[in-house]
**Student:** 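Sending over a structure as structure tokens; questions will come in a sec.
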Amino acid sequence: MPRRIAPQLPPWLAHALRAQRGPVPWNAVTRGALSAGPLLLVAVRTGLTSLGVVAAIAAMLAGINDRPGSRRLSVKRIGVPALAGATGLVAGTYTGQETGAVLLTVVLTVIGLVAGGMSAVGPVASAAGTQLLVGSAIGAGMPLPEPGWLRALAFLVGAGWLLVLRLALPTPGSLAGDFRFDGERQAVAGVYEAVAELLDAVGGPDAIRRRAALTAALDHAQDALAGPRLRRYASSSAERRLHAQYAAALPLAEAATALAWAGEAVAERASEGPRRLAAAVRGNTHTGPLPAPSRSAPALRALDDALLHAAEAFDQGRGGDLHTRSRSARDRLRTVFGSAGREYGLRVALCFGAGSAVAQALHRGQWYGQHEHWYWLPATVVFLVKPDLGPLASRVLNRAAGTVLGALLFAGLAAVLPHPEGLIALVALSGALIPVATRHFAAQTAVVTVLVLALVMVGGEPQASAGRIGETLLACAIVLIVGHLPMPGQRGGGVRARLVAANEAVYAYLTHVLDEADAPRIGTPGTPSENRATRWTLRREAYRTLAEARAAISRAAHELPSLARHTEGADEVADLLERLVDTTTACAVHLDDTGRIGPLHQERLTAVLTELAGRAEGLGLRPPRTPLAGRHARHVTG
């Protein structure tokens with residue numbers, strides 16, 4: 001009897017139903033409960049209710065950006081977007097007070113263009129762009145008695161309060177050593193643990209996934225070590241030790257990747273050393289004796305050398321500044337003004353401008369009844385139009401469902417809770433739920449809807465659940481229409497821009513390895529010479545840009561078919577680029593051990609370059625420049 005195959009959901013719908021998993025971040029839950037609610041309570045008691053509403057909104061937005069990581073990295077993740085939000089609040093307030101509806105719409109559209117372009121740079125820039133737009137909408141569409149500068153100050157106080165909680169409150173594991181570096185220690189320990197898991201998976205079907213997990217762990221540690229004042233000349237022994245521990249992980253990761261590339265299983269004891277190093281990082285202790293793996297192959301000898309170097313680095317606490325990304329300010333400007341930034345900015349500008357215009361038109365037509373606040377529609381558009389928040393169809397479905405659920409829930413609660421005490425308690429509860437709700441966009445939308453409706457009701461606005469549902473559905477329609485409009489240039493510009501950046505980083509890494517083959521040997525295997533430090537930095541950038549491209553490709557693949565077809569084939573190119581980086585890494589390890597590139601490495605390197613050239617051209621990208629001609633040929637052809 002033939003086996004019945006269960007029907008599969010279309011990608012855009014499957015993504016809308018997918019939620020992230022993981023342990024409950026109780027420390028973030030505690031911070032959320034102590035942020036918006038207490039701020040609002042203090043404001044109500046002191047007669048500054050409207051400013052308290054603004055501060056609580058800022059605390060809510062900061063809570064959305066309060067993600068796992070190091071304390072000092074949170075200064076950038078929370079502080080930079082808060083500054084952008086305060087700027088938007090000032091711009092929206094004064095523009096709304098001094099101009100008419102038409103000019104205000106034009107100004108907001110221009111702000112949308114700027115915020116959209118800068119959002120293409122990365123997660124922090126995207127969060128800053130989001131808060132810039134939300135602040136502009138609130139400033140223009142939420143009439144308050146205070147001047148713009150005072151509203152901006154209240155906004156910064158709200159975000160600053162949550163940041164103070166993030167820096168001051170202890171987290172699990174923070175008492176093991178220096179209180180300031182618990183997030184950094186966990187991130188670096190995660191790298192060693194990921195190395196161990198990759199070594200366990202070598203030769204098995206799980207090796208590719210474990211190598212990707214190692215890349216993610218290295219990305220996380222790199223971010224954690226890039227926080228304020230963690231720079232080349234560290235100011236304390238704890239910082240120097242963390243630098244040394246991260247630097248020592250890079251050759252271990254390189255050797256483990258080379259072993260995974262070879263595909264031959266290694267002995268179980270090979271992963272014991274990295275696990276002991278992970279425990280030493282977490283506990284801020286010495287490593288003790290490390291079991292040596294077999295030295296029967298170049299990659300195994302590289303692993304053993306890297307373990308010896310790690311033990312020495314842990315004891316001496318010396319390490320190079322290898323956490324800095326090689327991207328410059330010029331690279332970021334190229335992203336803003338490149339195809340990704342232009343496409344991103346145009347869509348955000350059109351949606352935000354259209355949402356603002358429609359909201360003002362409805363307000364003048366008294367569709368809002370007695371509600372003077374028209375910020376909801378353009379603010380909703382902001383969260384719907386941001387491509388980095390997920391595929392368009394998924395965002396629209398989840399936003400609509402979450403808003404309906406949140407508005408109906410609030411309508412029921414508002415009818416029975418005492419005012420304002422019950423509503424303030426509801427704000428505190430919603431703030432505590434945000435860190436958990438961020439795992440799914442619909443859940444996050446529902447919690448934020450309850451929180452914001454409670455805030456504005458405390459501020460004096462009547463219960464407005466029905467109106468907010470209608471505005472949200474209208475915002476969904478605007479974003480769906482604009483999201484499918486033809487734009488100047490080629491569709492899928494964001495994905496292509498990420499692939500171009502990854503292609504350049506991968507070839508910079510490959511070229512350096514082949515140049516290293518031409519140069520005189522420096523140092524001994526396992527000793528971080530200047531060339532190898534550069535190589536590890538280039539390798540990190542190659543894998544990191546590939547991870548960013550992968551994320552963009554995944555989002556594009558889960559769009560509706562009319563949008564997803566524009567990036568077909570991108571996933572295959574990313575696969576080939578990853579294979580090229582893995583092969584280059586294996587070449588580098590073999591080169592360190594033998595002084596040349598082996599026959600198997602030659603064969604695979606040539607094959608992946610040939611296939612990559614054809615795939616890239618088929619996707620409309622510039623065929624990669626081959627670095628294998630001329631003086632490099634002898635290293636590849638023997």
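Numbers for residues simply follow the sequence, beginning at 1.
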**Student:** Quick one, L397 and L13 - any side-chain contact, counting heavy atoms below 4.5 Å?
**Tutor:**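 Counting from C-beta outward, L397 and L13 do come under 4.5 Å.
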
**Student:** Measuring only between side-chain heavy atoms, which start at C-beta, is V281 closer than 4.5 Å to V191?
**Tutor:**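 No - every pair of side-chain heavy atoms lies 4.5 Å or more apart.
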
**Student:** Between M118 and A128, what is the shortest heavy-atom contact and its length?
**Tutor:**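 That would be CE-CB, 3.8 Å.
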
**Student:** For T545 and R498: C-alpha separation, side-chain torsions, deciding distance, then whether side-chain contact (heavy atoms from CB on, under 4.5 Å) applies.
**Tutor:** CA-CA 7 Å; T545 52; R498 295 293 186 187; over 6 Å; no

**Student:** Begin with the C-alpha distance, continue with both residues' side-chain angles, and end with the deciding distance and a verdict on side-chain contact (heavy atoms from CB on, under 4.5 Å) for R468 and L453.
**Tutor:** CA-CA 9 Å; R468 299 315 184 203; L453 289 176; 3.5 Å; yes

**Student:** When you compare the side chain of T130 with that of I64, does any pair of heavy atoms fall below 4.5 Å?
**Tutor:**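 I64 vs T130: side chains apart.
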
**Student:** If we ignore hydrogens and angles and just use 3.5 Å, is the side chain of H558 paired with the main-chain N or O of A393 as donor and acceptor?
**Tutor:**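 Answer holds: no.
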
**Student:** Answer yes or no: is there a donor N or O on one side and an acceptor on the other, between the side chain of R31 and the main chain of L162, under 3.5 Å?
**Tutor:**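 No, R31 side chain to L162 backbone: no donor-acceptor pair under 3.5 Å.
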
**Student:** Quick one: pull up CZ in R77 and CG in D66 and give me the separation to the nearest 0.5 Å.
**Tutor:**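 With rounding to 0.5 Å, CZ (R77) is 9.5 Å from CG (D66).
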
**Student:** Do the non-hydrogen side-chain atoms of V458 and V427 ever get within less than 4.5 Å of each other?
**Tutor:**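 No, too far: nothing below the 4.5 Å cut-off.
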
**Student:** Is M60 close to V452 at the side-chain level, that is, under 4.5 Å between some pair of heavy atoms?
**Tutor:**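 A side-chain contact exists here, since the closest heavy-atom pair is under 4.5 Å.
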
**Student:** Answer yes or no: is there a donor N or O on one side and an acceptor on the other, between the side chain of E559 and the main chain of L392, under 3.5 Å?
**Tutor:**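 Here the side-chain-to-backbone pair exists.
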
**Student:** Would you check if the side chain of T438 reaches a backbone N or O of P435 as a donor-acceptor pair within less than 3.5 Å?
**Tutor:**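 Yes; at least one donor-acceptor contact below 3.5 Å.
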
**Student:** Would you name the heavy atoms of L39 and A59 that are closest together and state the gap between them?
**Tutor:**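 Smallest heavy-atom distance, with atoms named: CD1-CB, 4.0 Å.
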
**Student:** What are the two closest non-hydrogen atoms of A159 and A58, and how far apart are they?
**Tutor:**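 Looking at all heavy atoms of both residues, the closest pair is N-CB, 3.8 Å.
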
**Student:** Give, for atom OG1 of T403 and atom CD1 of I469, the distance between the pair rounded to the nearest 0.5 Å.
**Tutor:**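 Between atom OG1 of T403 and atom CD1 of I469 there are 8.0 Å.
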
**Student:** Compare every heavy atom of G402 with every heavy atom of T449, then report the nearest pair and how far apart it is.
**Tutor:**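 Looks like OG1-O, 4.4 Å.
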
**Student:** Is the shortest side-chain heavy-atom distance between M142 and V456 below 4.5 Å?
**Tutor:**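 Sidechains of V456 and M142: in contact.
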
**Student:** Is the shortest distance from a Lys or Arg side-chain nitrogen in K76 or D223 to a carboxylate oxygen in the other one below 4.0 Å?
**Tutor:**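 No.
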
**Student:** Can you spot which of V479, V134, V348 makes a side chain to side chain contact (heavy atoms under 4.5 Å, CB included) with V382?
**Tutor:**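 Of all the options given, the one that passes is V134.
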
**Student:** Can you measure from CD (Q222) to CG (L218) and round to the nearest 0.5 angstrom?
**Tutor:**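 Taking CD in Q222 and CG in L218, the distance rounds to 8.0 Å.
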
**Student:** Hey, does the side chain of R71 reach the backbone of L167 with a donor-acceptor pair shorter than 3.5 angstrom?
**Tutor:**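 The answer is yes, because a donor-acceptor pair under 3.5 Å joins these two groups.
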
**Student:** Are L474 and L377 side-chain neighbours, meaning at least one heavy-atom pair lies under 4.5 Å?
**Tutor:**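 Of all side-chain heavy-atom pairs linking L377 with L474, at least one is under 4.5 Å.
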
**Student:** What heavy-atom pair brings A137 and A379 nearest, and what distance separates the two atoms?
**Tutor:**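 Shortest heavy-atom contact: CB-N, 4.2 Å.
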
**Student:** Do R151 and T93 have a side chain donor and acceptor closer than 3.5 Å?
**Tutor:**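 Yes.
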
**Student:** Nearest 0.5 Å, please: how far is CG in L451 from CZ in F410?
**Tutor:**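 Result: 10.0 Å between the selected atoms.
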
**Student:** Identify the two heavy atoms, one from A115 and one from L132, that lie closest to each other, and give their separation to 0.1 Å.
**Tutor:**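 In this case the closest contact between A115 and L132 is CB-CD2, 3.9 Å.
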
**Student:** When you check the side-chain N and O atoms of T380 and E471, is any donor under 3.5 Å from an acceptor?
**Tutor:**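 Looking only at side-chain atoms, E471 and T380 do not form any donor-acceptor pair under 3.5 Å.
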
**Student:** Rounded to the nearest 0.5 Å, what's the gap from CD on Q131 to CD1 on I138? Could you check?
**Tutor:**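 Here the rounded value is 9.5 Å.
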
**Student:** Would L150 and L153 count as a side-chain contact (heavy atoms from CB on, under 4.5 Å) if you check the C-alpha gap in whole Å, the side-chain angles of each, and the deciding distance to 0.1 Å?
**Tutor:** CA-CA 5 Å; L150 192 54; L153 182 60; 4.3 Å; yes

**Student:** V54 versus L89: any side-chain heavy-atom pair under 4.5 Å?
**Tutor:**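 Yes; the side chains approach each other to less than 4.5 Å.
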
**Student:** Show your working on side-chain contact (heavy atoms from CB on, under 4.5 Å) between R282 and E193 and close with a plain yes or no.
**Tutor:** CA-CA 11 Å; R282 288 196 180 94; E193 197 66 49; 3.6 Å; yes

**Student:** Roughly how far apart are N398 CG and L384 CG, rounded to 0.5 Å?
**Tutor:**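 Between atom CG of N398 and atom CG of L384 there are 10.0 Å.
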
**Student:** Would you say the side-chain atoms of S356 pair up with the backbone N or O of F352, donor to acceptor, closer than 3.5 Å?
**Tutor:**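 Confirmed, S356 side chain pairs with F352 backbone.
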
**Student:** Will you find, in the side chains of T472 and W376, an N or O donor that is under 3.5 Å from an N or O acceptor?
**Tutor:**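 W376 and T472 do have a side-chain donor-acceptor pair below 3.5 Å.
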
**Student:** Indicate yes or no for a side-chain donor-acceptor contact from T46 to the backbone of A43 under 3.5 Å, with no hydrogens or angles considered.
**Tutor:**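 Yes; judged by distance alone, with no hydrogens or angles, the pair exists.
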
